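A short write-up of the structure that comes next.
If you're wondering where the values come from, they're calculated on a predicted model, not measured in any experiment. First listed ligand is number 1; within each ligand, the first listed atom is number 1.
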Amino acid sequence: MTRLPQNPFVVRREIAYGEPFCDREQEIRTFMESAESDEPVCLLSPRRYGKSSLVNQVLGRLAEKGWVTLRLDLMTVRSLPGLQEALEGRRLEASSGWTRVKRRAADAVSRLHPQLHVDPATGTPTFSVDLSSPRSGEESALAAALEKMSSLPASIDKPVCLALDEFQEVTALDPKGRVVGMIRSAFQRRSRGFFPIYLGSRRHMLKMMFEKEAAPLYRSARMLELKELQGDDFANFVVHHFRETTGTVLPKSIGTATAALFGGYPHALNLTASRLWTAQQLAGERSAEFIRSAWKEIVTTIIQEERAYYQQINRNVSRTAMNVLANVARRGIVAGPYTAEFARQCRLTPGQIQTALRLLMKEDKVLETREGYVVFDPLEALCLRTEGVAPESLDQELDRLLEAWAEEE
Ligand SMILES: Nc1ncnc2c1ncn2[C@@H]1O[C@H](COP(=O)(O)OP(=O)(O)OP(=O)(O)O)[C@@H](O)[C@H]1O
Ligand SMILES: [Mg+2]
């Protein structure tokens, strides 16, 4: 069997630098400017919006400009000594800039013990950096590792970017908040050229960490919220990569309809593109009819799979709160959640609705906008809205969507 050309649409993992990545030019510009002005950035968005992929693009560009780039995923750290260990290099991914640093600043670097590893899966070299401290004691050792980290640019004479992924996990490591205090204290005294990036998906938690006056990291970073992908950008991206890899001219309306259906949710968009690409390649079919029916089948399956995913992650949310969430999803937007009419729709009292909404907002499930309450995650909203809808009705809705976008084209 001859192998297909490589599917250009990356799914279920971060997009590496150099792989097909849709847009985000504005955000990349903001990062590059912030790097130049030593202004830390905190990037937040719901899960699977492309935060890590975006940061990979930023780190890739910075590395090309001579920066040393380091990344630590706090999800992989389980304890305070683990965090110190991670900062000391055992779990830190560093750019290959280290080899040049090693030559130029042999002295400083010999104290940092960079170590070369080769990723067994991809064969890409990664470097780890040993920032171990001579001081003893859990906290002082961690504080020292943080201090060394934030003064790294001065010791190696190169700008350094440190991305702390899933940053909200730091609070689970240390509920008393001492580590966050240490981070603030070390990073406030950072050398020029030290650029920290914090990123995470717990919006409410991160906002409390960076925007609450009493919080140690109050106003210490520029807040950047990653939004959904724009339909037009995504459609151009899909059309371009279909043509480049297979020569197929995909109707642009497939991309815009996908974006409209999933509310621009990046994971669902790229997953649709990826499955459509494979289906089309395997069938060797390019007809509009084939594309249309393959697309409908793919998005219907994705909705089912995603509904199961949300049911799984919501298993600890109370039935009352789920009921309110589903009713907000059905309405799209709820301006008066405490009216008798909405209470009737939910079969709850306004008091119960209030408690449910408070919880849902804390869990980043519902957002209060100027116009009213909305389900925060557009993909979750779609899964809730279409739950129990007859397959024929969904099928008709998909046809209507495709037609509407085809007319726009
Ligand atoms: N700019 C983009 N272009 C194309 N696809 C994208 C883009 N951003 C994200 N995606 C898709 O979304 C998926 C999730 O991306 P990524 O893992 O970077 O998100 P995340 O926000 O870091 O998620 P999590 O919160 O789960 O860590 C990718 O595998 C890819 O399919
Ligand atoms: Mg991520």
Side-chain angles (χ1 to χ4, degrees), residues 6-31 41-61 71-77 91 93 122 162-170 172 197-206 223-242 244-245 250 254-256 258-259 261-278 298-299 302 305-306 309-310 312-313 363-365 376-380:
Q6 188 160 358
N7 189 322
F9 305 103
V10 172
V11 295
R12 300 196 192 275
R13 67 165 172 83
E14 297 164 14
I15 302 176
Y17 184 53
E19 290 183 315
F21 182 74
C22 174
D23 187 50
R24 303 300 197 197
E25 284 307 317
Q26 174 84 38
E27 288 83 357
I28 292 174
R29 212 167 23 250
T30 302
F31 269 108
V41 176
C42 175
L43 177 70
L44 35 133
S45 80
R47 296 214 55 185
R48 307 181 301 172
Y49 262 46
K51 293 176 295 297
S52 303
S53 301
L54 169 61
V55 166
N56 288 344
Q57 313 309 307
V58 172
L59 296 185
R61 287 179 198 217
R71 231 188 90 167
L72 174 59
D73 184 348
L74 285 161
M75 207 66 118
T76 63
V77 175
R91 239 169 284 156
E93 293 166 40
T122 62
L162 171 67
L164 295 169
D165 206 344
E166 304 295 354
F167 185 65
Q168 72 270 343
E169 295 303 313
V170 79
I197 299 175
Y198 310 91
L199 54 152
S201 48
R202 300 298 301 272
R203 180 174 186 275
H204 189 82
M205 242 159 117
L206 284 164
M223 304 302 277
L224 192 60
E225 288 206 44
L226 193 59
K227 300 287 182 202
E228 297 76 31
L229 285 172
Q230 294 299 310
D232 205 49
D233 293 332
F234 178 69
N236 290 334
F237 171 76
V238 176
V239 169
H240 172 79
H241 288 287
F242 259 81
E244 286 275 293
T245 51
L250 194 75
I254 287 286
T256 35
T258 310
L261 176 68
F262 291 121
Y265 192 107
H267 154 75
L269 303 198
N270 231 27
L271 186 58
T272 306
S274 164
R275 290 189 184 174
L276 189 61
W277 188 95
T278 304
I298 288 165
V299 297
I302 292 178
E305 291 172 357
E306 291 298 325
Y309 161 79
Y310 285 109
Q312 168 70 13
I313 62 169
E363 293 296 318
D364 296 322
K365 294 268 159 207
F376 186 41
D377 174 334
L379 184 55
E380 179 161 30

Problem - Side-chain donor or acceptor of Asp233 paired with backbone N/O of Asp23 under 3.5 Å - result: no
Shortest reach to [atom] by a heavy atom, considering only [options]:
| atom | options | result |
| --- | --- | --- |
| atom 27 (O) of ligand 1 | Lys51, Glu14, Glu166 | Glu166 |
| atom 29 (O) of ligand 1 | Arg13, Glu27, Arg24 | Arg13 |
| atom 5 (N) of ligand 1 | Val238, Asn270, Asp73, Leu226 | Asn270 |
| atom 11 (C) of ligand 1 | Ser274, Pro266, Cys22 | Pro266 |
| atom 9 (C) of ligand 1 | Pro46, Ala268, Gly200, Gly50 | Gly50 |

Handout entry: Ring-face cation contact, Tyr309 with Arg48, 6.0 Å cut, 45° max
Key = yes
Handout entry: Distance-only polar pair, side chains of Thr278 and Asn7, donor-acceptor under 3.5 Å
Key = yes
Practice task
Determine whether the side chains of Tyr310 and Asp377 contain a donor N or O and an acceptor N or O closer than 3.5 Å.
Solution key: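 Per modelled atom types, Tyr310 and Asp377 side chains form a pair under 3.5 Å.
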Problem - Nearest-contact summary for atom 30 (C) of ligand 1 - protein heavy atom, Å - result: Val10 O, 3.4 Å
Problem - Residue, atom name and distance, where the atom is the protein heavy atom closest to atom 7 (C) of ligand 1 - result: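 Result for atom 7 (C) of ligand 1: Ile15 CD1, 3.8 Å.
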Practice task
Confirm or rule out an N/O/S atom of Ser52, from backbone or side chain, lying less than 2.8 Å from the Mg ion (ligand 2).
Solution key: yes
Exercise for the section: Compute the shortest N/O to N/O distance between Val11 and ligand 1 and return yes if it is under 3.5 Å, no if not. Expected result: no
